[in-house]
There are 2 protein chains.
Amino acid sequence: MDKPLSFAEENYLKHIFALSEGTEDTVNTSALAKQIKIASSSVTDMLKRLGEKELIDYEKYQGVRLTSSGKRVAVNIIRKHRLWEVFLVEKLQFSWDEVHEIAEQLEHIRSPKLTTRLYEYLGRPKFDPHGDPIPDENGDFPETRRQILSEFKVGDSVSILGVNDDSPEFLQYLKQENIGLGSTLHIDKILAHDKSMQLSDANNKIIMLSNISCQHIFCKRL
Amino acid sequence: MDKPLSFAEENYLKHIFALSEGTEDTVNTSALAKQIKIASSSVTDMLKRLGEKELIDYEKYQGVRLTSSGKRVAVNIIRKHRLWEVFLVEKLQFSWDEVHEIAEQLEHIRSPKLTTRLYEYLGRPKFDPHGDPIPDENGDFPETRRQILSEFKVGDSVSILGVNDDSPEFLQYLKQENIGLGSTLHIDKILAHDKSMQLSDANNKIIMLSNISCQHIFCKRL
DNA sequence: AAAAAAAATTCGGTTCATCTAAATAACGGT
DNA sequence: ACCGTTATTTAGATGAACCGAATTTTTTTT
Ligand SMILES: [Mn+2]
Ligand SMILES: [Mn+2]
Ligand SMILES: [Mn+2]
Ligand SMILES: [Mn+2]
């Protein structure tokens, strides 16, 4: 009985993976409950089941950690999610903010051959429309080192992929300067004395950003 | 509470639609049970639920018939199914026999905008890779009158889309003559006295088919 | 080291989608 | 019109995935 995993199980694994990125720590029940937006009693239920299937290591009250087989599943879901996002943006002209919800559905389509064909069709992309790395067929993530704005040179045009610092202050500041995800900026000059950047936006409005600010913004060259 | 329909509900509606094509009759429980490969008691259960949601007209022992709202749902599922099949064949180079299973999954993806974009991307196709008609955005099916081989003329090249008669004998016969779905045939001549056709296949092998046989084969011109 | 607070689990329910076995209704042939 | 066969529904169960309330364990604070 190699029954396929349910969508629910796949989603739990994906979220456990997401929450354990960075830290070596175990993921705790309430963090998961919050992330998945579900009662923590339900999470406990599911963790028991995933534990029995050896997709996670779980001992009550001890938090949870993916086994290698659980990780394999999680990474595959993420791979499919991000490939479909690329498809939606590149081939069907969706904008970056519309694709996540649809990819939440498409990521559960089960057909290894489809995944492979899609990957080829899209030209073996390494990053999704939000700049997130797409694991390859072996589950290996590309060198992710996303470039920060301060690494670019005068004359480059970049588009904003995300931020490194999601504090309310910083985000408010960016919003006030009219910088958001997807914005396009051109680097006019870099002041020698403090490495601050003078940029112009799509409307040719001039924006000055300190080097510190520039280190908190992920971009890609256009 | 406009909760979306479950996949199971969508599938029942789709199968009810399929079984009621052609006939004006109601669809009966056991036909459905056989088609969906499920116990008929389970079918009865579901029919009650679909009846309550006014997706079907159902009275016990009386068989079942889609309401207009049920038909709308069913046709939309069929539209998505067939569009995805076109995508898989045209864009991802799948062969006709591989796509149905994957489309069974993709047909349940919920995003009207995705359906629309896909439709445009594929060039508003009217038929799927098996020659089945694709309903348009209003649920109207294209004039389906699929052409039968005997309607073509000398000099035409056609590819086989399906058959009109799925009796074992006939299918065996075609197989023996090396004619299958997707085969390409060229019409060399049509004999005047009995309207039988002399065809040549991809390997230039000559095949003779009676007019009766030709009336049982669906084709499209290449 | 207690007490208080927070985190996690257990317990008892619910809904959906399925099953098998038993009961009932409809149908077809004599 | 009756009887047997077939079709259909009912009854009773199960497992997945969720919930809220009560309980237990762990952690933090006094
Ligand atoms: Mn996403
Ligand atoms: Mn998901
Ligand atoms: Mn199909
Ligand atoms: Mn389906």
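Because the structure is a prediction, the values reported are computed rather than measured. So that the names make sense, note that chain A is the first sequence line, chain B the second, and so on, each numbered from 1.
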What is the separation between atom CG on A/L13 and atom P on D/dA17, rounded to the nearest whole Å?
11 Å

Nearest atoms (heavy-atom pairs only) where B/S150 meets B/N211:
CB-ND2, 3.8 Å

Could you tell me how far apart B/E59 (CD) and D/dT8 (P) are, to the nearest whole angstrom?
15 Å

Side-chain N,O (B/R49) to OP1/OP2 (C/dA17) below 4.0 Å
yes

Just to be sure I understand the rule, does A/T29 reach a base, reach only the sugar-phosphate, or reach nothing, if contact means heavy atoms closer than 4.0 Å?
sugar-phosphate

Length of the line joining B/L5:CG and C/dA17:C1', which is rounded to integer Å:
15 Å

Without decimals, in angstroms, what is the distance between A/L50 CG and D/dA17 C1'?
12 Å

5′-ward residue of the pair B/N28/A/F7 relative to DNA chain D
B/N28

For residues 77-94 of chain A, please give each side-chain donor-acceptor pair under 3.5 Å, one per line with the distance, not counting sequence neighbours.
{"from": "A/R79", "atom 1": "NH1", "to": "A/P135", "atom 2": "O", "distance (Å)": "2.7"}
{"from": "A/K80", "atom 1": "NZ", "to": "A/E107", "atom 2": "O", "distance (Å)": "3.2"}
{"from": "A/K80", "atom 1": "NZ", "to": "A/I109", "atom 2": "O", "distance (Å)": "2.9"}
{"from": "A/H81", "atom 1": "ND1", "to": "A/E107", "atom 2": "OE1", "distance (Å)": "2.7"}
{"from": "A/H81", "atom 1": "NE2", "to": "A/E85", "atom 2": "OE2", "distance (Å)": "2.8"}
{"from": "A/H81", "atom 1": "NE2", "to": "A/H100", "atom 2": "ND1", "distance (Å)": "3.1"}
{"from": "A/R82", "atom 1": "NH1", "to": "A/P133", "atom 2": "O", "distance (Å)": "2.6"}
{"from": "A/W84", "atom 1": "NE1", "to": "A/L106", "atom 2": "O", "distance (Å)": "3.4"}
{"from": "A/E85", "atom 1": "OE1", "to": "A/H130", "atom 2": "ND1", "distance (Å)": "3.2"}
{"from": "A/E85", "atom 1": "OE2", "to": "A/H100", "atom 2": "ND1", "distance (Å)": "3.4"}

Starting from C1' on C/dA8, measure out to NZ on A/K34 and report it in whole angstrom.
15 Å

Classify every nucleotide of nucleotides 19-29 of chain C by which part a protein heavy atom approaches to under 4.0 Å, writing B for the base, S for the sugar-phosphate alone and - for neither, in 5'-to-3' order.
BBB--BSS---

Give a yes/no answer on whether the side chain of B/K48 brings an N or O atom under 4.0 Å of OP1 or OP2 in D/dT10.
yes

Tell me whether B/E101 is salt-bridged to A/K113, with the criterion being a basic N under 4.0 Å from an acidic carboxylate O.
no

Against the side chain of B/Y12, the closest entry in C/dA17, C/dA8, C/dT18 is C/dT18

If I take atom CG in residue B/L32 and atom P in nucleotide D/dT8, what distance separates them, rounded to the nearest angstrom?
10 Å

In whole angstroms, the gap separating P of C/dT10 from CG of A/L47 amounts to 11 Å

When the distance from CG of A/N11 to C1' of D/dA17 is rounded to whole Å, what number comes out?
12 Å

Given that both distances must come in under 3.5 Å, which nucleotide forms a Watson-Crick or G-U wobble pair with D/dT30?
C/dA1

Compare all side-chain heavy atoms of B/E137 with those of B/R124 and state whether any distance is below 4.5 angstrom.
yes

Nucleotide of C/dA8, D/dT9, C/dT10 approaching A/S30 most closely (side-chain heavy atoms)
C/dA8

